[in-house]
Protein chains: 4
Amino acid sequence: MSVMALPRSGPVRSEAARLAILEAAAALFAEGGYDHLTIEGVARRAGVGKQTIYRWWSSKGDIIAEAILEGHLLDTRRHLPDTGDARADLAAWLSDLFTLRASPDGEGLLRSFVAAAAGSAETGRRLRAAILAAPLMERLSQALGGATGPRLEAAAEALLGAVILRALSREDFDADDMGTLVDVIAGVPPRA
Amino acid sequence: MSVMALPRSGPVRSEAARLAILEAAAALFAEGGYDHLTIEGVARRAGVGKQTIYRWWSSKGDIIAEAILEGHLLDTRRHLPDTGDARADLAAWLSDLFTLRASPDGEGLLRSFVAAAAGSAETGRRLRAAILAAPLMERLSQALGGATGPRLEAAAEALLGAVILRALSREDFDADDMGTLVDVIAGVPPRA
Amino acid sequence: MSVMALPRSGPVRSEAARLAILEAAAALFAEGGYDHLTIEGVARRAGVGKQTIYRWWSSKGDIIAEAILEGHLLDTRRHLPDTGDARADLAAWLSDLFTLRASPDGEGLLRSFVAAAAGSAETGRRLRAAILAAPLMERLSQALGGATGPRLEAAAEALLGAVILRALSREDFDADDMGTLVDVIAGVPPRA
Amino acid sequence: MSVMALPRSGPVRSEAARLAILEAAAALFAEGGYDHLTIEGVARRAGVGKQTIYRWWSSKGDIIAEAILEGHLLDTRRHLPDTGDARADLAAWLSDLFTLRASPDGEGLLRSFVAAAAGSAETGRRLRAAILAAPLMERLSQALGGATGPRLEAAAEALLGAVILRALSREDFDADDMGTLVDVIAGVPPRA
DNA sequence: AATTAAACGAGACGGTACGTCTCGTCTTATT
DNA sequence: AATAAGACGAGACGTACCGTCTCGTTTAATT
């Protein structure tokens, strides 16, 4: 048995408005972070009525979640280097993620993403999926000596979680620190 | 050489007001989470003028940071079990932290703390320090076979970070998962 | 030379829709008064698209004007008593008009009509014509000792206007007051 | 027994804000009429927060009522001519009232007042009192040969009501018509 | 019968205004 | 001088309607 969509006449959702909203939200997020993002601001920037936003999204978190999913906010294919040294590659990539800023003088983008995730379940899930994407998982699996399943997942979460925690506590974090982190999680014994 | 306070007349800061504010903030935080916490609400609940808050704190994040520091919000001596099995103890403690809720039907308290930390640097630092306190570090050191220094710190951050990340993405997390996480970070090989 | 309608195919105006709109407007007017009447509400109640309203009327005032004209709103044949005493009959009728309410607990209907008239020229004219109809004018003419023309018109306007003014200032108005009013306008000397 | 105000500290109502609001409301009323008057517009024009308006008034009708009372909207000492002929003076004054316009191309001010009165009980009462003021009543009493009490009141209401009714039905009204109206109400027999 | 075109129900759109809430600052009287 | 109280300008919140503009369907008159 198939679920039939109820036939409905009338105008169809405007793709132009949808895109304008997502792009405006992404731009404002990048400029001022999640806290300073307002629905009114998005509507103004997108040249759209507020009701058009409320018709399709229920909160600013929802909008950001969709913007992440469609790649307006985060380049999910961000370059993961491949030097043959999986641990070094991961450390570099995480360092990069940690220092990611929207604008040269902007707040840390990662922290703003965390704020968004704290406010919206969907954003949390999307963000996690966007970052813990296939290339990262593969490289991490190599670093762990071929781990898969729950252990690989746990390691990935530990890695990303540690970076998030440091972003939240505003600690500086250099490439060496990141290397130590990867080593610990990969179970590499202390270097001499 | 001693630092002399400038002599000055007039009433000094009211300790009663200070405590009333911290307690009101903690209560409201527990009831509605960080997002619904407002300065006006705190002033109302504490029976205090708004200016008295603004005179001594600069944001709601600041208030929460101080409330954490003084233990109004988080019992920093929360029971860390001691069964002799360091890994099991850690897993139990983290599980506890993860499922921490303000009220029976409340939002996850951890998620709300993350929102607070995302909005206030000081809160982030205080929160981290409050959770990664001495008892936890000691037990983790045991689990790691006596690690100290940067490696111990990295492990602690990975552990707490992973829990935070799961809280943010609203995944459920049972005691087994937590055990796997501790194992991976402790470098314990897969169990048969 | 005659004006020819351009030949055109297609459906003609739907009488069912027209009536549904007028009746919905009348019902909503009676329930909530002119101010709370909205085009969207009329469309919803009538089961009609908004455009069908805008196609044929240009404002809610227009709709009300047509509803009055067709008797959906005001029974223009409202009973004007005939006791032989023209002044008493007029006083009774005006009293009736003044206290007219849509629903038992409703606002004064007269006041709502005035609001409608203030907002729409056509409604003003229609309303005036609907109230100052032939039966009233005849009885008033008798009360004035056979006046006609401008003096009769002036008297009629004075009578209705006074009632409206009292409705606007929310004064109570009993049958005696109404009698005095008719007497003054009819030029009857003060009663002993 | 006296009603004591509760002793209260804190700032007192700003007279500057109060006046700015009344003046802005009066200006906007004169420019666009009651229907186009908005609270947001008043706040903008007065340079005042919306909450400052809502704190002290509950509707735009309320504001207009106060503006009338304080003479921001209607010069209650409008010149009532004194030529010795009371009926002619009244006719002239009413004609003046009827043709009163806010701006050269504005809507009739009287009609807008009626809309305001229809929407707000207090405005209705204030407006009535402002127009049916002592000078008018005295002159009317003369025209009626010394009438007082209910009969004078009824005559006054009939007079003003008739003018309002004509304003509502957008009929033109010249000085002759106005004379006839005064004559009918004054009980003067038809002129030859 | 097939074509054509307008009226229809539905409702999305860019807007304006609503009335409420909170922000951070400022003012007052009290302690 | 610090406090409780709270008015102030500012502006975001989410909702209700505005009047216009599609949509896809239905209904007549014309081919």
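Not measured: the values here are computed from a predicted model. Just so we're on the same page: letters track the sequence lines, and every chain starts at 1.
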Worksheet item: Looking at residues 33-51 of chain B, who's got a heavy atom less than 4.0 Å off DNA chain F?
Response: B:G47, B:V48, B:G49, B:K50
Item to complete: Would you please name every residue forming a side-chain contact (heavy atoms from CB on, under 4.5 Å) with D:A121, sequence neighbours left out?
Response: C:R170, D:R125
Worksheet entry | Pairwise 5' ranking along DNA chain F for B:A17 and D:A17, keeping only the more 5' one | B:A17
Discussion item. Just the rounded figure in Å: distance from P of E:dA12 to CD1 of A:I53.
Written reply: 15 Å
Item to complete: With the side chain of B:T52 defined as its heavy atoms from C-beta on, choose the nearest nucleotide among E:dT20, E:dC13, F:dA4.
Response: F:dA4
Worksheet entry | Test side-chain contact (heavy atoms from CB on, under 4.5 Å) applied to B:A17 - qualifying residues, sequence neighbours left out | B:S14, B:V48, B:T52
Discussion item. Pick the closest DNA chain E nucleotide for C:G10 and for A:R18 by heavy atoms, then say which residue is nearer the 5' end.
Written reply: C:G10
Discussion item. On the nucleotide E:dC8, are OP1 or OP2 found under 4.0 Å from the side-chain N or O atoms that C:R55 carries?
Written reply: yes
Worksheet, complete the sentence: For A:I39, the side-chain contact (heavy atoms from CB on, under 4.5 Å) test, sequence neighbours excluded, returns A:I53, A:Y54, A:K60, A:I63
Response to the item:
Expected list for residues 112-120 of chain C near DNA chain F, using heavy atoms below 4.0 Å, is none
Practice prompt. For D:R13, enumerate each residue passing the side-chain contact (heavy atoms from CB on, under 4.5 Å) test, keeping only those at least two apart in sequence or located in another chain.
Written response: D:R18, D:W56, D:W57
Discussion item. I'd like to know if D:E40 and D:R45 make a salt bridge, using a cut-off of under 4.0 Å between side-chain N and carboxylate O.
Written reply: no
Worksheet item: Should B:W57 be listed as having a side-chain N or O under 4.0 Å from OP1 or OP2 of E:dG24?
Response: no
Worksheet item: Rounded to the Å, how far apart are B:D62 CG and E:dG24 P?
Response: 11 Å
Discussion item. Check the phosphate of F:dC8 against D:W56, side-chain N and O only, distance under 4.0 Å to OP1 or OP2. Yes or no?
Written reply: yes
Discussion item. Assess the residue pair C:L168 and C:L110 against the criterion (side-chain contact (heavy atoms from CB on, under 4.5 Å)); give the C-alpha distance rounded to whole Å, side-chain angles, the decisive distance to 0.1 Å, and a yes or no.
Written reply: CA-CA 9 Å; C:L168 282 183; C:L110 184 56; over 6 Å; no
Discussion item. The criterion is ring pair (Phe, Tyr, Trp, His ring centres under 6.0 Å); which residues satisfy it with B:Y34, sequence neighbours excluded?
Written reply: none
Worksheet item: Taking only residues two or more places apart in sequence, or in another chain, which ones meet C:Q51 in a side chain to side chain donor-acceptor pair (under 3.5 Å)?
Response: none
Worksheet item: Among F:dC13, F:dC8, F:dT27, which is the nearest nucleotide to the side chain of A:Y54?
Response: F:dC13
Fill in: Atom-pair distance (CD1 on A:I63; C1' on F:dG14), nearest Å
13 Å
Worksheet item: What residues, two or more places apart in sequence or in another chain, satisfy side chain to side chain donor-acceptor pair (under 3.5 Å) together with D:S120?
Response: D:T123
